[in-house]
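What follows is one structure encoded as structure tokens, with my remarks underneath.
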Number of protein chains: 2
Amino acid sequence: MNAATNSELPVGIFDSGVGGLTVLHAIREAMPGEHLVYLGDTARLPYGTKSPLSIERYATQAAAKLRERGIKLLVVACNTASAVALDALREQLAPMPVVGVVEPGAAAAVQGRTGGSHLVLATEATVRLGAYRSAILSLDPDAEVTEHACELLVALAEEGWVDGAIARGIVRRYLDESHAASPDTIILGCTHFPLLADTIREVAGDQVRIVDSAGTTAAVVRATMDAAGTRRASDDPGTLRLLATDGARRFARVGGRFLGQDLRHEDVELVDL
Amino acid sequence: MNAATNSELPVGIFDSGVGGLTVLHAIREAMPGEHLVYLGDTARLPYGTKSPLSIERYATQAAAKLRERGIKLLVVACNTASAVALDALREQLAPMPVVGVVEPGAAAAVQGRTGGSHLVLATEATVRLGAYRSAILSLDPDAEVTEHACELLVALAEEGWVDGAIARGIVRRYLDESHAASPDTIILGCTHFPLLADTIREVAGDQVRIVDSAGTTAAVVRATMDAAGTRRASDDPGTLRLLATDGARRFARVGGRFLGQDLRHEDVELVDL
């Protein structure tokens, strides 16, 4: 494939469901000219409570589907799949570049400083694998890292109950249970959690820096394509295709909250993995 | 297969995850001599937000696996699968009897009275299909039925946060949003919800009757086997086998809450569907 053809291909973005649309949104803001194709594996979500073996199998199936459609780069816009399956996906798709969200999130948290204290809020699977801990400590061996599983925040974001007393109560309880006394940063280690960022800031206080991977991941995607010479040349707005493995209506209804725009179920194409 | 062999076979119980263990518990209490085999499709839970097509496919795969192991009756201990796939499962397994949880739950709510007002708390898929509404109205055409989707209660039960201010706040909000002014009964239309029964009673008030399917389903299972002459003759305690499609550790940890006894992950056998 020559570079001219390649640059016209879409960037593939994969998540277990709709949460990764927060990453898609950041990529579209940063590079409005790029074509994008998003695959949400809604038939098998959530990944966060599944075993590593299953998560890796699901992720490689999704990646194969996107490669079959033709993409020039894969973004794994799911913290759990990034934590579990990034190496397997890179091996599967080589030489196509694969960008996860954990490393960009860790880089955004550390930001060149040393000795920071970080609280990572994530799913059970991401916490069990210690993916953020490893990524942060590889950037700053003096950092202090606490990881805490917050499954209810996923359901809360999907239900759209992102502010008010219930959301504050749940966030408060998770922060208390994490036993992380006044961290410098709170890392939103699940793509569902940016919807709860205001509530988390309200509960944690203004002195805490809230970090999510979306913006940093978009920057890494741009740098990777610049280096490979695969950025799309045209300034026309890029196209957006949405694929899901189940439930187009629910994808449109819940996904609209994550993308920050109304979606119709006709906009979502169902695919089998 | 002759009746003598048949009666020694286990009762098969199927759910999308661990919630059906509340039904298994009621069956074991009612018929301690029966052998039981439970299959939780933890690799693909939750069913409640999936499409009917996917739910039916998953349920028939699970039923095939249990039939392969040898069972004498199948209990669909999942409201969503009962609502979506009962007819397909009966066709698939005939002449083996298949008992769902929706009809027994509706019968427990109506209890021979007429004109009652019922609030059904369930998953999105169960509500969308109106399964409880149909089942209740077929028993009492004068009944008033409100169905309300309560996805967060599933996550709440799995997290074990079944009492306290957060649980009460979430239940209060769902009851308010249901717009069901003082129903006579609240039907727990998801096998996760019995864990929240005390909190629901606390919020709804003592005058409301809280109904779940577990006990009535066990009674239907007993009556069905009595009629077919397939009850186990021996008084020895029956054996219990637990199968799951993913995450034995999580199944044991969360499942213990539903079964009301400690489970070890070695007690859970992983199977592929």
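Residue numbers start from 1 in every chain, and the chains themselves are labelled A, B, ... in the order their sequence lines are given, proteins ahead of strands.
- Under the 3.5 Å distance criterion, the side-chain polar atoms of A/T126 are left unmatched by any main-chain donor or acceptor of A/A122.
- Side-chain N or O atoms of B/T185 include none that pairs as donor or acceptor with a backbone N or O of B/I187 at under 3.5 Å.
- For a residue to count as touching a neighbouring chain, one of its non-hydrogen atoms must lie under 4.5 Å from one of that chain's; by this rule A/P52 does not touch chain B.
- When the candidates A/R250, A/E151, A/R249 are compared by the number of heavy-atom contacts under 4.5 Å with chain B, A/R250 comes out ahead.
- Between the side chains of B/D163 and B/T199, no donor-acceptor pair is found at a separation under 3.5 Å.
- For a residue to count as touching a neighbouring chain, one of its non-hydrogen atoms must lie under 4.5 Å from one of that chain's; by this rule A/D272 touches chain B with the side chain only.
- With a 4.5 angstrom heavy-atom cutoff, A/Y47 does not touch chain B via any of its atoms.
- At a threshold of 4.5 Å between non-hydrogen side-chain atoms, the residues B/L121 and B/I186 count as touching.
- Side-chain rings of B/Y132 and B/H118 stay apart, their centers remaining 6.0 Å or farther from each other.
- For chain B, no part of A/E158 is nearby; none of its heavy atoms comes within less than 4.5 Å.
- Both the backbone and the side chain of A/L152 come within less than 4.5 Å of a heavy atom in chain B.
- Ranking A/S54, A/A165, A/G247, A/A248 against chain B, the residue ahead of the rest is A/S54, based on heavy-atom pairs under 4.5 Å.
- Within the 3.5 Å criterion, the main-chain N or O of B/G40 finds no donor-acceptor partner in the side chain of B/D15.
- Although no hydrogens or angles enter the test, the distance criterion places a donor-acceptor pair under 3.5 Å between the side chain of A/S213 and the main chain of A/V101.
- Heavy atoms closer than 4.5 Å to chain B are found in the side chain of A/E159, but not in its backbone.
- Contacts with chain A were tallied for B/L53, B/L45, B/L156, B/T42; B/L45 has the most, counting heavy-atom pairs under 4.5 Å.
- For A/R128, no part sits under 4.5 Å from any heavy atom of chain B, backbone or side chain.
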